[in-house]
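Below is one structure; the comments refer to it alone.
Remember, it's 1-based here, ligands and their atoms both numbered in the order they're listed.
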Amino acid sequence: MNKSHSGIGMTSQRTRARMIERLREQGIKDEAVLAAMFEVPRHLFVDEAMATRAYDDVSLPINFNQTISQPYIVARMIEILRGPDHHHRPLNRVLEIGTGCGYQAAVLARLVREVYTVERIQPLYERARRQLRDLKIRNVSVRYADGNAGLPEAAPFDGIIMAAAAPALAVALREQLAAGGRMILPVGVQEQSLYLVEREERGFRETRLEAVKFVPLLMGKE
Ligand code: SAH
């Protein structure tokens, strides 16, 4: 941790606790998700200039026109991924598409045995990798790749989370889900909705959830 960051170290404990309270008020119920988000130092994933706002319930810019997702949406997506309270499935392998700064991957790392995350912008990929390494988070594998292809070499996944919105509900990626696996993703261009895709014994079940606002899923690497 560098000097300027450790300067807000004390308050960040308190602001983090406040963030957790707010998430509860917003309806997040999964205690494991709340605990994981209490433990991950979100301020270390944003630029120093932005660090004082790190725990506000907003998305923030992280360079290259990308954003760190707002705490509520990170919590909500992971809660849905884990499934209903009464029977949490063990998550051995989860794929995240759109690493960004690596925050959501760091939260996932506390709840999942192996996390794979892919990012198409090289400097973001490199920074996220370094950040996760500095925090000694060892069960996240960060890859520089176009997430449109998923990550066939590590499939199947118990869960897939997309952090960028595809224009339509594409069907190729869901083939990388294990039986009983869940994929959670934003879909749409101007108007976006969160979708849950569950792999059932035969076929898939799609459920449309709330309206959301994500950066677009783009093609290729950069
Ligand atoms: N998970 C992040 C949010 C990242 S924002 C968090 O914890 O806050 C979405 C990210 O998706 C951006 O970094 C963007 O570059 C990336 N992205 C967009 N299209 C992609 C693609 N096809 N493959 C991989 N990453 C992609």
Side-chain angles (χ1 to χ4, degrees), residues 16 19 23 28 33 36-37 39-47 50-51 53-81 94-112 115-132 134-135 137 140-155 157 159-170 172-174 176 183-189 192 194 212-222:
R16 211 136 75 209
M19 175 181 82
L23 290 172
I28 304 298
V33 172
M37 288 184 65
E39 282 155 12
V40 176
R42 181 170 163 94
H43 61 282
L44 298 184
F45 290 86
V46 304
D47 288 341
M50 223 69 82
R53 302 184 56 204
Y55 297 96
D56 294 354
D57 195 35
V58 291
S59 58
L60 293 170
I62 54 167
N63 296 328
F64 308 97
N65 273 324
Q66 302 305 322
T67 55
I68 178 172
S69 302
Q70 73 182 106
Y72 172 75
I73 202 73
V74 171
R76 176 82 177 121
M77 286 179 98
I78 300 177
E79 183 175 73
I80 295 166
L81 192 78
V94 166
L95 171 65
E96 178 193 39
I97 294 172
T99 313
C101 59
Y103 174 71
Q104 179 161 264
V107 176
L108 281 168
R110 308 197 73 97
L111 301 163
V112 176
V115 178
Y116 292 81
T117 180
V118 302
E119 174 55 55
R120 66 179 288 279
I121 298 178
Q122 190 163 23
L124 287 180
Y125 150 77
E126 277 163 7
R127 210 172 65 170
R129 221 185 137 114
R130 200 175 329 118
Q131 186 59 256
L132 293 165
D134 289 352
L135 289 172
I137 297 173
V140 178
S141 172
V142 190
R143 307 287 175 92
Y144 173 48
D146 178 358
N148 283 289
L151 198 60
E153 64 266 37
F157 299 99
I160 301 178
I161 286 196
M162 291 185 62
L169 195 50
L173 260 178
R174 58 178 67 170
Q176 293 181 23
M183 171 154 109
I184 172 100
L185 71 165
V187 177
V189 183
Q192 300 174 3
L194 209 53
V212 286
K213 188 84 192 98
F214 277 81
V215 297
L217 183 76
L218 299 175
M219 302 294 289
K221 295 196 278 187
E222 138 181 353

remark   = What one should report as the nearest heavy-atom pair of Gln131 and Phe45 is CG-CE2, 3.5 Å
request  = Could you tell me if any non-hydrogen atom of Ala145 lies under 4.0 Å from any atom of ligand 1?
outcome  = yes
task = Using a 4.0 Å heavy-atom cut-off, say whether Asp146 meets ligand 1 through its side chain, its backbone, both or neither.
result = both
message = Please determine whether the number of non-hydrogen atoms from other residues, nucleotides or ligands lying under 6.0 Å from atom CZ of Arg120 exceeds 12.
response = yes
task = Would you mind checking which non-hydrogen protein atom is closest to atom 10 (C) of ligand 1, with the distance to 0.1 Å?
result = Gly98 CA, 3.6 Å
note = closest protein heavy atom to atom 2 (C) of ligand 1 is Thr99 O, 3.5 Å
request  = Measure the CD-CG distance between Glu96 and Leu81 for me, rounded to the nearest 0.5 Å.
outcome  = 10.5 Å
Shortest non-hydrogen separation from Gly220 to Asp146 and the atoms involved = N-OD2, 2.8 Å
Donor-acceptor contact below 3.5 Å, side chain Gln192 vs main chain Phe214 = yes
ask   = Who's the nearest protein heavy-atom neighbour of atom 14 (C) of ligand 1, and how far?
value = Gln66 OE1, 3.3 Å
query = Considering only protein heavy atoms, which is closest to atom 9 (C) of ligand 1, and at what distance to one decimal place?
reply = Ala163 O, 3.3 Å
ask   = Counting only heavy atoms, which portion of Val74 has something under 4.0 Å from ligand 1: side chain, backbone, both, or neither?
value = neither
query = Counting from 1, what ligand 1 atoms have a heavy atom of Val118 closer than 4.0 Å?
reply = 24 (C), 25 (N)
query = Would you call Glu96 a ligand 1 contact, heavy-atom distance under 4.0 Å?
reply = yes
ask   = Does Gln176 use its side chain to pair, donor to acceptor, with the backbone of Leu151 at less than 3.5 Å?
value = yes
inquiry  = Using only atom types and a distance under 3.5 Å, with no angle test, would you say the side chain of Glu119 pairs donor to acceptor with the backbone of Gly100?
reply    = yes
Ligand-side contact atoms (ligand 1) for residue partner Thr67, heavy atom cut-off under 4.0 Å = 3 (C), 4 (C), 5 (S)
task = Find the distance between CG (Asn148) and CG (Leu173) and round it off to the nearest 0.5 Å.
result = 7.5 Å
remark   = heavy-atom search around atom 8 (O) of ligand 1 in the protein gives Ser69 N, 2.9 Å
ask   = So which heavy atom in the protein is nearest atom 7 (O) of ligand 1, and how far is it from that ligand atom?
value = Gln104 N, 2.8 Å
task = Could you see which bit of Pro216 sits under 4.0 Å from ligand 1, with heavy atoms only: side chain, backbone, both or neither?
result = backbone
inquiry  = Testing the basics here: between Val189 and Lys213, what is the closest heavy-atom pair and its distance to 0.1 Å?
reply    = O-NZ, 4.4 Å
task = Enumerate the atoms of ligand 1 whose separation from the nearest heavy atom of Leu124 is less than 4.0 angstrom.
result = 13 (O)
Ligand 1 contact by Ala106, heavy-atom criterion under 4.0 angstrom = no
Minimum heavy-atom distance between Val215 and Ala163, given as atom pair plus value = CG2-O, 4.3 Å
Contact partition for Arg120 relative to ligand 1, non-hydrogen atoms under 4.0 Å = both
request  = Using modelled atom types only, decide if a donor and an acceptor are shared between the side chain of Thr99 and the backbone of Val118 within a distance under 3.5 Å.
outcome  = yes
query = Counting each atom of ligand 1 from 1 as listed, which ones have a heavy atom of Ile68 under 4.0 Å away?
reply = 8 (O)
inquiry  = With a heavy-atom distance limit of 4.0 Å, tell me whether Ile62 approaches ligand 1 through its side chain, its backbone, both, or neither.
reply    = neither
query = Which class fits the ring pair His43 and Tyr55: parallel under 30°, tilted 30 to 60°, perpendicular over 60°?
reply = tilted
Atom indices of ligand 1, in the order listed, that fall short of 4.0 Å to a heavy atom of Ile121 = 15 (O)
message = Only heavy atoms of Tyr103, strictly under 4.0 Å: list the atoms of ligand 1 that pass.
response = 7 (O)
Shortest non-hydrogen contact between Val58 and Pro71, atoms and distance = O-CD, 3.8 Å
message = Just to confirm my output: which protein heavy-atom neighbour is closest to atom 16 (C) of ligand 1, and how far is it?
response = Glu119 OE1, 3.4 Å
request  = Check the pair Ile62, Arg127 against side chain to side chain contact (heavy atoms under 4.5 Å, CB included), reporting the backbone distance first and the verdict last.
outcome  = CA-CA 11 Å; Ile62 54 167; Arg127 210 172 65 170; 4.3 Å; yes
message = Between ligand 1 and Met219, is the shortest N or O to N or O distance under 3.5 Å?
response = no
key: Element-labelled atoms of ligand 1 that are located less than 4.0 Å from some non-hydrogen atom of Gly147   = 21 (C), 22 (N), 23 (N), 24 (C)
ask   = Can you tell me the protein heavy atom closest to atom 22 (N) of ligand 1 and the distance?
value = Leu218 O, 2.6 Å
